[in-house]
Amino acid sequence: MNNIFHVDVNSAYLSWEAVYRLQMGEKKDLREIPSVVGGNEENRHGIVLAKSIPAKKYGIQTGETLFSARLKCPELEVVPPRYHIYMKCSQEMEELLKRYSPNVQFYSIDEMFIDYTNMEKKFGNAIDAAYTIKRQIKKELGFTVNVGVGPNKLLAKMASGLKKPDRVHTLFFDEIFEKMWPLPVNKLFMVGGRTAKKLDVLGIKTIGDLATEDISKLYKIFKSHGVLIHNYANGLENSKVRNEPMPIKGLGNSSTFSFDVCSEKEALMLLLSLTETVATRLRRGNFRAKVIKIHIKDKDFFTFSHQRKVVNPIQSTDAIYSVVKELFLEVWHKKPIRKMGVALGDIYTSDYEQITFWEEDDKTKRMLDKTVDNIRKRYGAKAVFRSCFLHSGIKPLEGGVIDNEDYPMVSSVL
DNA sequence: TCTGGGGTCCTAGGACCC
DNA sequence: TCTGGGGTCCTAGGACCC
């Protein structure tokens, strides 16, 4: 029998912010008052990123606007995010977990899987170990977690989500009926708002309803996703706890601007800036890309995208930007823009042998990009930038939550 | 009233090939 | 008047995760 743990930091950003502030000598604990970590409203990033449990009691939800959160609780304390601190806390937790098993999967900044299978002889039975881990994180790092214990990653994750905070829960196969099936169907991993709504129309309200529904009926409506969630509702999932990060399939950067962009000149400058950011990340990973995409959200929140596959994989800022510019001019019809993004797909590793065949980027451009990348690495992102950004009011490197640093994200893949 | 950013995967529809 | 059927590749859009 496999024993998988899922460790989930309770209200991660908010807990970490609270711990840091207490360490800095602040008297009040954000976790004990209605509070949220939230984006900057002036820059139109005003949403709730994390909430305290007292804030949750007012019905405040992650992702909702700070405006709406304040309507629910006028005395709400709002603090800005500090991603560097959260990264540090996350890394410390990962190090701690590695004491208990060599096989720890960094699933997201605040969620990790541990494969505890066959570790019993070293650290005792699984449930005791889960409690020890929870206690140790609280004692050494100052924040609380939920630990879910189960026979696979899906059930471990569902277990950690049961009752919060500071709890250990198990979800073995013989507990599914009692602990998981009565839950509303949207609590199931991979059943989001859209699917839950469609299921509701079909009379499927709980995870149990979904688990016992006819699979061919689900397939007809939801295709492969229907089969997936039916399996999940029955606790069936068998992916490995992965030590190594998943190979990168694509990367992108986007930005919501503090004002609606109306001129072509300004839009192109912002796209160049976004291209710089994403191309720098591409080169840092020693990659090249064949698919170049842009996406645009206009002032009415209507979003659309445009992409092109090029024959030879490219890497230089200039080569990527020339495609980005083409794409933009092909789709933009002068409607004011709220947000834009540049993304790269169809990624290849760029080893030395191959480079001689890539004629797309000439040698001069490669050298220039490399030089600029190195200067930025040594002296910071602002040390050198294109002169067109001077006095333009536009940042030379748009996008990204942390300047000049990779920030680990999460996908819907276990 | 205000509504982030960065990922992965899937599907539909059209182009194109034999 | 009636007009194949696969297969692959590409693009746009939408679902999900945190």
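Proteins come first, then strands; the chains are lettered A, B, ... in the order of their sequence lines, and each starts at number 1.
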Considering every strand and a 4.0 Å limit on heavy-atom distances, what is the contact class for [X]: base, sugar-phosphate, or nothing?
X	value
A:Gly39	nothing
A:Gly193	sugar-phosphate
A:Lys293	nothing
A:Phe301	base
A:Lys157	sugar-phosphate
A:Val191	sugar-phosphate
A:Gly63	nothing
A:Asn43	nothing
A:Thr62	nothing
A:Ser68	nothing
A:Thr303	nothing
A:Leu414	nothing

May I have the distance from [X] (atom [atom1]) to [N] (atom [atom2]), rounded to whole angstrom?
X	N	atom1	atom2	value
A:Ile296	C:dA12	CD1	C1'	13 Å
A:Arg308	C:dT11	CZ	P	8 Å
A:Tyr83	B:dG6	OH	P	10 Å
A:Leu228	C:dC16	CG	P	12 Å
A:Leu274	B:dG4	CG	C1'	14 Å
A:Arg194	B:dT11	CZ	P	17 Å
A:Phe222	B:dA12	CZ	P	14 Å

Do A:Lys293 and A:Ser305 have side-chain heavy atoms sitting under 4.5 Å apart?
no
Q: Please check if the distance between the ring centroids of A:Phe5 and A:Tyr100 is under 6.0 Å.
A: no
- Task: Could you tell me whether A:Glu111 and A:Lys157 have a side-chain N and a carboxylate O separated by less than 4.0 Å?
- Result: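 Salt bridge: yes.
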With a 4.0 Å cut-off on N to O distance, would you call A:Arg99 and A:Glu140 a salt bridge?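 Answer for the salt bridge query: yes.
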Heavy-atom nearest nucleotide on DNA chain C taken for A:Glu111 and for A:Lys198; more 5' hit belongs to A:Lys198
Gap in Å between the two C1' atoms, one belonging to C:dC17 and one to B:dG4, rounded:
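Approximately 15 Å lies between the C1' atom of C:dC17 and that of B:dG4.
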The Watson-Crick or G-U wobble partner of B:dC9, with both key distances under 3.5 Å, is C:dG14
Exercise for review: Check whether any side-chain N or O of A:Asn146 sits under 3.5 Å from a backbone N or O of A:Asn10 as a donor-acceptor pair, and report yes or no.
Suggested key: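 A pair under 3.5 Å: no.
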Per ring-ring contact (aromatic ring centres under 6.0 Å, His included), A:Tyr13 is matched among A:Phe143, A:Tyr86, A:Tyr20 by A:Tyr86
